[in-house]
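Excluded from the calculations below are hydrogen atoms, water molecules and symmetry mates; all remaining heavy atoms, backbone and side chain alike, are included. None of these values were measured; they are calculated from a predicted model. For reference, positions follow the sequence shown, starting with 1.
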Amino acid sequence: QAQLVESGGGLVQPGGSLRLSCAASGFTFGSYDVGWFRQAPGKEREFVAAITRSGSSTYYTDSVKGRFAISKDIAKNMVYLRMNILKVEDTAVYYCAVRTYRAYGGIWYLRPDEYDHWGQGTQVTVSS
């Protein structure tokens with residue numbers, strides 16, 4: 001059964017760092033595009049970062065550029081989101097998602113409906 005499991009969330013002070021991990025069962029990350037989204041209470045699900053099949057291209061929302069880095073370790077079948085200089089505004093549940101079918105040829109990475117499988121999420125809380 002195909003599953004995605006996020007881990008690495010927690011409580012951190014502003015300016016701190018965390019690394020989120022996404023582990024797959026039933027998926028080979030090297031065969032699919034992968035994205036990270038986040039959702040805060042009362043807010044819509046928001047695109048954070050994405051990485052293509054081979055890991056050769058990455059995409060970020062403006063608010064995290066220069067602070068977050070998505071990466072893919074194909075050998076270990078893991079996807080990571082390194083988050084540096086964390087801000088209170090980064091507080092949210094973070095979700096890993098896999099795109100198994102390329103239905104849209106435009107700015108696909110922004111669209112939640114482009115992703116077919118989602119993990120359960122991991123909570124990131126940034127507070128002083």
Notebook entry, point to check: In chain order, what residues pass the ring-ring contact (aromatic ring centres under 6.0 Å, His included) check against Phe47, with sequence neighbours excluded?
Noted result: Phe37, Tyr109

Next item on the list: Apply side-chain hydrogen bond (donor to acceptor under 3.5 Å, both in side chains) to the pair Ser54 and Ser56, showing each step before the final yes or no.
Entry: CA-CA 5 Å; Ser54 67; Ser56 61; 2.9 Å; yes

Notebook entry, point to check: How close do Gly35 and Tyr115 get, heavy atom to heavy atom, and via which atoms?
Noted result: N-CE2, 3.6 Å

Check: Ser71 versus Val79: any side-chain heavy-atom pair under 4.5 Å?
Finding: no

Margin query: To check you understand the geometry: which heavy-atom pair defines the closest contact between Ser17 and Asn84, and what is its length?
Written below: OG-OD1, 2.9 Å

Next item on the list: Without swapping roles, check the side chain of Glu6 against the backbone of Gln120 for a donor-acceptor pair under 3.5 Å.
Entry: yes

Notebook entry, point to check: Can you tell if the side chain of Met78 reaches within under 4.5 Å of the side chain of Cys22, non-hydrogen atoms only?
Noted result: no

Margin query: As an exercise, state the distance from NZ of Lys87 to CD1 of Ile85, rounded to the nearest 0.5 Å.
Written below: 8.0 Å

Check: Can you find a pair of side-chain heavy atoms, one from Cys96 and one from Trp118, that are under 4.5 Å apart?
Finding: no

Notebook entry, point to check: Given Phe27 and Val34, is the side chain to side chain contact (heavy atoms under 4.5 Å, CB included) satisfied, shown in steps?
Noted result: CA-CA 11 Å; Phe27 293 105; Val34 182; over 6 Å; no

Next item on the list: Using the side chain to side chain contact (heavy atoms under 4.5 Å, CB included) rule, take Ser63 and Glu89 through it: C-alpha gap first, then chi angles, then the decisive distance, then the call.
Entry: CA-CA 10 Å; Ser63 64; Glu89 306 93 271; over 6 Å; no

Note to self: Check whether Thr122 reaches the backbone of Ser7 with its side chain - one donor and one acceptor, N or O, closer than 3.5 Å.
What the structure shows: no

Notebook entry, point to check: Are the side chain of Asp116 and the backbone N or O of Tyr101 linked by a donor-acceptor pair below 3.5 Å?
Noted result: yes

Item checked: Lys72 (side chain) donor-acceptor with Arg53 (main chain) under 3.5 angstrom -> yes

Next item on the list: Would you give the length of the straight line joining atom CG of Leu18 to atom CG of Leu11, rounded to the nearest 0.5 angstrom?
Entry: 9.0 Å

Check: Tell me, do Leu81 and Met83 make a side-chain contact under 4.5 Å, heavy atoms counted?
Finding: yes

Check: Do the side chains of Gln13 and Ser128 get nearer than 4.5 Å, heavy atoms only?
Finding: no

Item checked: Reported CG-to-OG distance for the pair Asp33 and Ser57, which is rounded to 0.5 angstrom -> 9.5 Å

Checklist line | Min side-chain heavy-atom separation Arg38-Val93 under 4.5 Å | finding: no

Margin query: If I take atom OH from residue Tyr95 and atom CD from residue Gln39, how far apart are they, to the nearest 0.5 angstrom?
Written below: 5.5 Å

Item checked: Ring-face cation of Arg99 near Tyr32 (centre distance under 6.0 Å, axis angle within 45°) -> no

Checklist line | Residues Asp62 and Lys65 bridged, charged N to O under 4.0 Å | finding: yes

Check: For Trp108 and Tyr59, what are the C-alpha separation, side-chain angles and deciding distance, and is it a side chain to side chain contact (heavy atoms under 4.5 Å, CB included)?
Finding: CA-CA 10 Å; Trp108 57 268; Tyr59 308 92; 4.0 Å; yes

Checklist line | Audit row: Thr91, Gln123, side chain to side chain contact (heavy atoms under 4.5 Å, CB included) steps and yes/no | finding: CA-CA 8 Å; Thr91 296; Gln123 176 72 49; 4.1 Å; yes

Check: Looking at Ile51, Leu4, Asp73, which hits side-chain contact (heavy atoms from CB on, under 4.5 Å) with Phe29?
Finding: Leu4

Next item on the list: Find out whether Val48 and Phe68 are in side-chain contact, i.e. whether some heavy atom of one side chain is under 4.5 Å from a heavy atom of the other.
Entry: yes

Checklist line | CZ on Arg82 to OH on Tyr80, rounded to 0.5 Å | finding: 10.5 Å

Next item on the list: Taking the side chain as every heavy atom from C-beta outward, state whether Tyr60 and Ile70 have any atom pair closer than 4.5 Å.
Entry: yes

Check: Got a second to check how far Thr61's OG1 is from Glu46's CD, nearest 0.5 Å?
Finding: 5.0 Å

